[in-house]
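Each ligand, and each atom within it, is numbered from 1 in the order the structure gives. We number each residue from 1, following the sequence as shown.
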Amino acid sequence: MLDYTYEDWKNRAAGLSFRGQAFIDGKFVDAASGKTFDCINPATDQVLAQVAEGDEEDINRAVAAGRAAFEDGRWSRMAPGDRKAVMLKLADLIRENLEEMALLDSLDMGKLVKDAATVDAPGSAHFFQWYAEAIDKIYDEVAPTGPGDLALVARVPLGVVGAVTPWNFPLDMATWKGAAALAAGNSVVLKPAEQSPLSALRLAELAAEAGVPDGVFNVVPGFGVTAGRALGLHMDVDCLAFTGSTGIGKMFMQYSGQSNLKQVWPETGGKSPNLIFADCEDLDAAADMAAFGIFFNQGEVCSANSRLYVERSIKDAFVEKLIARAQATQPGDPLDPASKMGAIVDEKQTQGIMRFVEEGKKSANLVAGGERVTVDGKGCFVQPTIFDDVAHDNPLARDEIFGPVLSVIPFDSEDEAISMANDSIYGLAASVWTDNLSRACRVSEKLMVGTVSVNTVDALSAQTPFGGMKQSGFGRDLSLHSLEKYTALKTTWIKYKA
Ligand code: NAD
Ligand code: MN
């Protein structure tokens, strides 16, 4: 697959069929209302499929199915080793269908198919496998009470987990939530983003094939204000795992307060700073990764390194390196392995990015890109764009643009760099480039973010928690910490004759 040509990928895409119905209680079904919405390929503007437009009624059905499954124990009380075997099988099935999973995300939201085939889809299989392997290796606690008392402290599944996900990594966001929640023994109702529902629907089908029982993993496509809201307000959902924008994350906290006080785990926006110090020895590597950190996935990455703080003595030379890299990262058809960047998810997002760019042209120094373009006369594409000498309070440097737009800001001292980096409502991630070990430790300690990457960007693995501080939310995906959030601590106290 990795040696496929452009023609190969186009032929594979043409032969693909799409699941467009909701997946509830082990079956593909139409929305109760019978309504559908268009699922669009942003690289071609073509309608790929009609997808069921789920709303409150469909969410109710899915939650009821999840609850029934949870209560009869078909998954929640399955022996850990058996649950593990099912999830390992699902990881295998994702690998067997890697090409299809990669194509679904690429066609649906515009990412490069070669990235989807090497990052997103293998990542999904890996995360299912990782959580599967954990299931029968985690022990609970016995509290230190006296003789005559046995106090067991166990981690038990919560019940029905609602998951609401964004469109930038559709399969992986469904996986980050789904794999951990399922591994802990919960039932799941997933509402994927309306821009990119296709891979989650196929994932549900593969889960059923792997042996996940009916009702345990449900996927209801639909819009945020109807289906997403219904899940957030549902009286019988125990936990709501959300990834998306900060504004909607706040709404989910409100939904919880207005309904049943369900746990809410928000993972929201970012405006991640990347700090380049003059004592970084390999500035070419720093420039490669700075470009990757903002142009990968068209900049539609929550942790994208969109603010670049460069020590003034090397700033101009560093910006020259970045301009060359931006010029070598032009967008093209996501199915063409030669393309360096894909399409923006949809027309609305493209227009939103271009509003920032047009305002930026009036207030900062545009040094690369800055135009919306088409590929073969079609689609939503934005050039890799760099603004230099951006004022710290310019919206370019403060707001999450969620596109391939980099703001460069010079600094004169370590303290100034740290204070500008921390002066943000967001706190998701940061990068630091220096070969001075003490500085690396000192700066990392002071950055108020969930992940600091030193001499790299966006470091991430199944073994380490991913999530933010401040208004980037407080949910954590990945690692055993994520598994823990899908459980409750339960004490069982037993009196016996000592
Ligand atoms: P979004 O907040 O618009 O939508 C996310 C999800 O919420 C979608 O499924 C949407 O349908 C739903 N939704 C929208 N309005 C709703 C409402 N009123 N009630 C209930 N649900 C509603 O975000 P997006 O544009 O899809 O994704 C981009 C955002 O996601 C960015 O802010 C990005 O930073 C963030 N993100 C964060 C992480 C992270 O881990 N922190 C990862 C990826 C993306
Ligand atoms: Mn789409």
Side-chain angles (χ1 to χ4, degrees), residues 18 37-49 51 53-54 56 59 104-111 162-170 172-174 176-177 190-200 219-234 240-255 264-272 297 299-304 306 334 343-349 352 380 399-403 426-429 449-451 458 460 465-478 482:
F18 304 107
F37 65 94
D38 287 347
C39 181
I40 294 170
N41 176 350
T44 61
D45 309 319
Q46 276 166 355
V47 176
L48 286 167
V51 174
E53 188 188 323
E56 189 177 351
I59 291 290
L104 289 177
D105 273 356
S106 175
L107 294 171
D108 210 352
M109 56 65 69
K111 70 171 64 216
V164 176
T165 51
W167 44 259
N168 57 343
F169 293 92
D172 279 9
M173 291 298 107
W176 287 18
K177 313 291 185 208
L190 168 70
K191 206 294 288 171
E194 52 270 37
Q195 295 87 345
S196 59
L198 298 177
S199 59
V219 178
V220 180
F223 293 98
V225 285
T226 48
R229 182 170 180 274
L231 202 51
L233 283 169
H234 205 288
L240 197 297
F242 172 75
T243 294
S245 60
T246 293
I248 305 297
K250 291 179 182 179
M251 290 181 80
F252 275 99
M253 303 285 288
Q254 292 184 358
Y255 295 154
V264 177
W265 296 111
E267 290 205 51
T268 54
K271 187 76 186 176
S272 298
N297 211 47
E300 297 162 325
V301 179
C302 53
S303 53
S306 51
I344 303 299
V345 65
D346 64 9
E347 182 62 35
K348 182 165 167 252
Q349 181 70 10
C380 301
D399 297 345
E400 183 180 48
I401 300 173
F402 225 58
Y426 299 112
L428 189 53
V449 299
T451 300
D458 276 341
L460 175 157
F466 182 91
M469 296 185 185
K470 300 195 269 184
Q471 291 189 45
S472 292
F474 49 84
R476 288 291 181 279
D477 278 318
L478 306 179
S482 169

Notebook entry, point to check: For ligand 1, is any non-hydrogen atom under 4.0 Å from Gln349's backbone (N, CA, C, O), its side chain (CB onward), both, or neither?
Noted result: neither

Next item on the list: Among all protein heavy atoms, pick out the one at the shortest distance from atom 12 (C) of ligand 1; state its residue, atom name and that distance to 0.1 Å.
Entry: Val164 CG1, 3.7 Å

Check: Less than 4.5 Å apart, any side-chain heavy atom of Gln471 and any of Thr268?
Finding: no

Next item on the list: Take Asp477 and Lys177, measure what salt bridge (charged side-chain N to carboxylate O under 4.0 Å, His left out) needs, and give me the verdict at the end.
Entry: CA-CA 7 Å; Asp477 278 318; Lys177 313 291 185 208; 2.9 Å; yes

Margin query: Does the plane of the ring in Phe223 sit parallel, tilted or perpendicular to the ring in Phe37? Use 30° and 60° as the thresholds.
Written below: tilted

Notebook entry, point to check: Are any of the N/O atoms in Thr246 less than 3.5 Å from those in ligand 1?
Noted result: no

Next item on the list: Determine yes or no for a side-chain-to-main-chain donor-acceptor pair under 3.5 angstrom, with Asp399 supplying the side chain and Ile401 the backbone.
Entry: no

Next item on the list: Measure the distance from atom 40 (O) of ligand 1 to every protein heavy atom, then report the residue, atom name and distance (to 0.1 Å) of the closest one.
Entry: Glu267 OE1, 3.0 Å

Notebook entry, point to check: Can Asn168 and Asn297 be said to form a side chain to side chain contact (heavy atoms under 4.5 Å, CB included), step by step?
Noted result: CA-CA 8 Å; Asn168 57 343; Asn297 211 47; 4.0 Å; yes

Note to self: I need the single residue from Val51, Leu107, Asp105 that forms a side chain to side chain contact (heavy atoms under 4.5 Å, CB included) with Leu198. Which is it?
What the structure shows: Val51

Item checked: Those atoms of ligand 1 less than 4.0 Å from some heavy atom in Gly224 -> 11 (O), 12 (C), 13 (N), 14 (C), 15 (N), 16 (C), 17 (C), 19 (N), 20 (C), 21 (N), 22 (C)

Checklist line | Nearest neighbour in protein (non-hydrogen) for atom 32 (O) of ligand 1 | finding: Glu400 OE1, 2.6 Å

Checklist line | Check: Gly468 main-chain N/O paired with Arg476 side-chain donor or acceptor under 3.5 Å | finding: yes

Check: Just how far is it from atom CZ of Arg229 to atom CD of Gln254, taken to the nearest 0.5 Å?
Finding: 10.5 Å

Next item on the list: For Asn168, take its heavy atoms, then give the atoms of ligand 1 lying under 4.0 Å from any of them.
Entry: 43 (C), 44 (C)

Margin query: I need the atoms of ligand 1 closer than 4.0 Å to a non-hydrogen atom of Met251, numbered in the order shown.
Written below: 18 (N)

Notebook entry, point to check: For atom 4 (O) of ligand 1, is the nearest protein heavy atom closer than 4.0 Å?
Noted result: no

Item checked: Heavy-atom closest contact (Ser106 atom, Pro334 atom, distance) -> OG-CB, 3.6 Å

Notebook entry, point to check: When you measure from atom 35 (C) of ligand 1 to every protein heavy atom, which one gives the shortest distance, and what is it?
Noted result: Gly244 O, 3.1 Å

Notebook entry, point to check: Ignoring hydrogens and geometry, is there a side-chain-to-backbone donor-acceptor pair from Glu400 to Gly270 under 3.5 Å?
Noted result: yes

Margin query: Which option wins on minimum heavy-atom distance to atom 18 (N) of ligand 1: Trp167, Phe242, Tyr255, Phe402?
Written below: Tyr255

Next item on the list: Enumerate the atoms of ligand 1 whose separation from the nearest heavy atom of Thr243 is less than 4.0 angstrom.
Entry: 5 (C), 36 (N), 37 (C), 38 (C), 39 (C), 40 (O), 42 (C), 43 (C), 44 (C)

Checklist line | side chain to side chain contact (heavy atoms under 4.5 Å, CB included) assessment of Ser306 paired with Tyr426 | finding: CA-CA 12 Å; Ser306 51; Tyr426 299 112; over 6 Å; no

Check: Going by the order shown, which atoms of ligand 1 are within less than 4.0 Å of some heavy atom of Glu194?
Finding: 10 (C), 11 (O)

Item checked: 4.0 Å heavy-atom contact, Phe169 with ligand 1 -> no

Note to self: Is there a side chain to side chain contact (heavy atoms under 4.5 Å, CB included) between Gln195 and Ile40? Walk through the geometry before answering.
What the structure shows: CA-CA 7 Å; Gln195 295 87 345; Ile40 294 170; over 6 Å; no

Next item on the list: Any atoms of ligand 1 less than 4.0 Å from a non-hydrogen atom of Lys191? List them with their elements.
Entry: 8 (C), 9 (O), 10 (C), 11 (O)

Next item on the list: Begin with the C-alpha distance, continue with both residues' side-chain angles, and end with the deciding distance and a verdict on side chain to side chain contact (heavy atoms under 4.5 Å, CB included) for Cys302 and Leu428.
Entry: CA-CA 8 Å; Cys302 53; Leu428 189 53; 3.7 Å; yes

Next item on the list: Specify the protein heavy atom at minimum distance from atom 36 (N) of ligand 1: its residue, its atom name, and the distance to 0.1 Å.
Entry: Cys302 CB, 3.3 Å

Note to self: What's the separation between atom OG1 in Thr165 and atom CG in Leu190, rounded to the nearest 0.5 Å?
What the structure shows: 4.5 Å

Notebook entry, point to check: atom 27 (O) of ligand 1: which protein heavy atom is closest, and how many Å away?
Noted result: Pro166 CB, 3.3 Å

Next item on the list: Output yes when a side-chain donor or acceptor of Ser199 lies under 3.5 Å from a complementary backbone atom of Leu104, and no otherwise.
Entry: no

Margin query: I'd like to verify the contacts: list protein N, O or S atoms under a distance of 2.8 Å from the Mn ion (ligand 2).
Written below: Ile40 O, Asp108 O, Asp108 OD1, Gln195 O

Notebook entry, point to check: How far is atom 15 (N) of ligand 1 from its nearest protein heavy atom, and which residue and atom is that?
Noted result: Ile248 CD1, 3.3 Å

Next item on the list: Could you tell me whether some N/O pair between Ser245 and ligand 1 is separated by less than 3.5 angstrom?
Entry: yes

Notebook entry, point to check: CD of Gln46: more than 12 outside heavy atoms within 6.0 angstrom?
Noted result: no

Check: Taking only heavy atoms of Thr268, which atoms of ligand 1 are found under 4.0 Å from at least one of them?
Finding: 34 (O), 37 (C), 38 (C), 39 (C), 41 (N)

Notebook entry, point to check: Which is it for Thr165 and ligand 1 at heavy atoms under 4.0 Å: side chain, backbone, both or neither?
Noted result: backbone

Check: Would the Trp176 and Phe169 ring centres measure less than 6.0 Å apart?
Finding: no

Notebook entry, point to check: Any idea which atoms of ligand 1 are less than 4.0 Å away from a heavy-atom of Phe252?
Noted result: 20 (C), 21 (N)

